[in-house]
Number of protein chains: 2
Amino acid sequence: MASHNKSEYYSAEQEQMARFAKALGHPVRIAILQLLNTQSCCYHGDMAEELPIAKSTLSQHLNELKDAGLIQGTITPPSVKYCIHKENWKLAKKLLGALLT
Amino acid sequence: MASHNKSEYYSAEQEQMARFAKALGHPVRIAILQLLNTQSCCYHGDMAEELPIAKSTLSQHLNELKDAGLIQGTITPPSVKYCIHKENWKLAKKLLGALLT
DNA sequence: TCTATTATTCGTAAAATTACGAATATCTTA
DNA sequence: TAAGATATTCGTAATTTTACGAATAATAGA
């Protein structure tokens, strides 16, 4: 503890695992990801109808998932289509799967 | 959204997934779990030496992991031994693995 | 250009998370 | 019974998360 530099203690992989897991750490974001995963893609509006939160709150959650790299959004006026970010999704599976051995 | 009762919208499984994931959502908790996982069990004191946080903060993180059901602690005076909670660990693997298809 | 539709950002508030050191508890052994 | 070792709880502060509605963009079509 004493000899460790806090800012660089954790490996990039540990940080990445935590980032992914944190993004999964809310029921509504689990629900969002399940929707996107089963129906390849979804529009913001359709999800807003499904989910028990305000549209502005949904935007916030979608943004967190985007920041974590788990989803990506495409503007298709007048709506926005969201999909799983397949590459990072695979990485998340690999990293978290390796942890949960 | 309008027709949903917020308090019962999410399934028990979704809540459980989020609870597990949330517990994994911090680098130090990832590090703790890796320690416990590779060396079957660890003493609080040994982890406190490894990790870049105060002992009291470590206790808090261990408590969160315990609340989430991912670890269990046994008092072995004068120290406390922590281990992975194998059954819930398997459940976490199953649930998160199923999500990250 | 005006309007309707859709989504995001802004402003704000309440609650939870993260972190530390001091104080407290617990147990062993001298 | 007192002292030493270990771990947790308490008190506190700073930051982040979660949530909402109002205000703002941005685009298509009348």
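Each chain gets a letter, A, B and so on, in the order the sequences are listed, and its residues count up from 1.
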Scanning both residues in full, the closest heavy-atom pair of C83(B) with L36(B) reads C-CD1, 4.2 Å

Heavy-atom pair of closest approach, residues I71(A) and Y82(A): CD1-CD2, 3.8 Å

Backbone N or O of [Y] within a donor-acceptor pair of the [X] side chain at under 3.5 Å?
X: N37(B); Y: L99(A); value: yes
X: Q14(B); Y: S11(B); value: yes
X: N88(B); Y: G69(B); value: yes

Could you tell me the separation between the [atom1] atom of [X] and the [atom2] atom of [N], rounded to a whole number of Å?
X: L24(A); N: dT18(D); atom1: CG; atom2: P; answer: 12 Å
X: R29(B); N: dA16(C); atom1: CZ; atom2: P; answer: 15 Å
X: Q72(B); N: dA7(D); atom1: CD; atom2: C1'; answer: 18 Å
X: L51(A); N: dA19(D); atom1: CG; atom2: P; answer: 11 Å
X: R19(A); N: dT16(D); atom1: CZ; atom2: P; answer: 14 Å
X: I75(B); N: dA25(C); atom1: CD1; atom2: P; answer: 15 Å
X: K22(A); N: dT16(D); atom1: NZ; atom2: P; answer: 8 Å

Base contacts versus sugar-phosphate-only contacts with protein, heavy atoms under 4.0 Å: please encode nucleotides 5-11 of chain C as B, S and - from 5' to 3'. -SSBB--

Parallel, tilted or perpendicular: which fits the ring planes of H26(B) and Y10(A), with parallel below 30° and perpendicular above 60°? perpendicular

Short side-chain N/O contact to dT17(C) OP1/OP2 from H61(B), under 4.0 Å: no

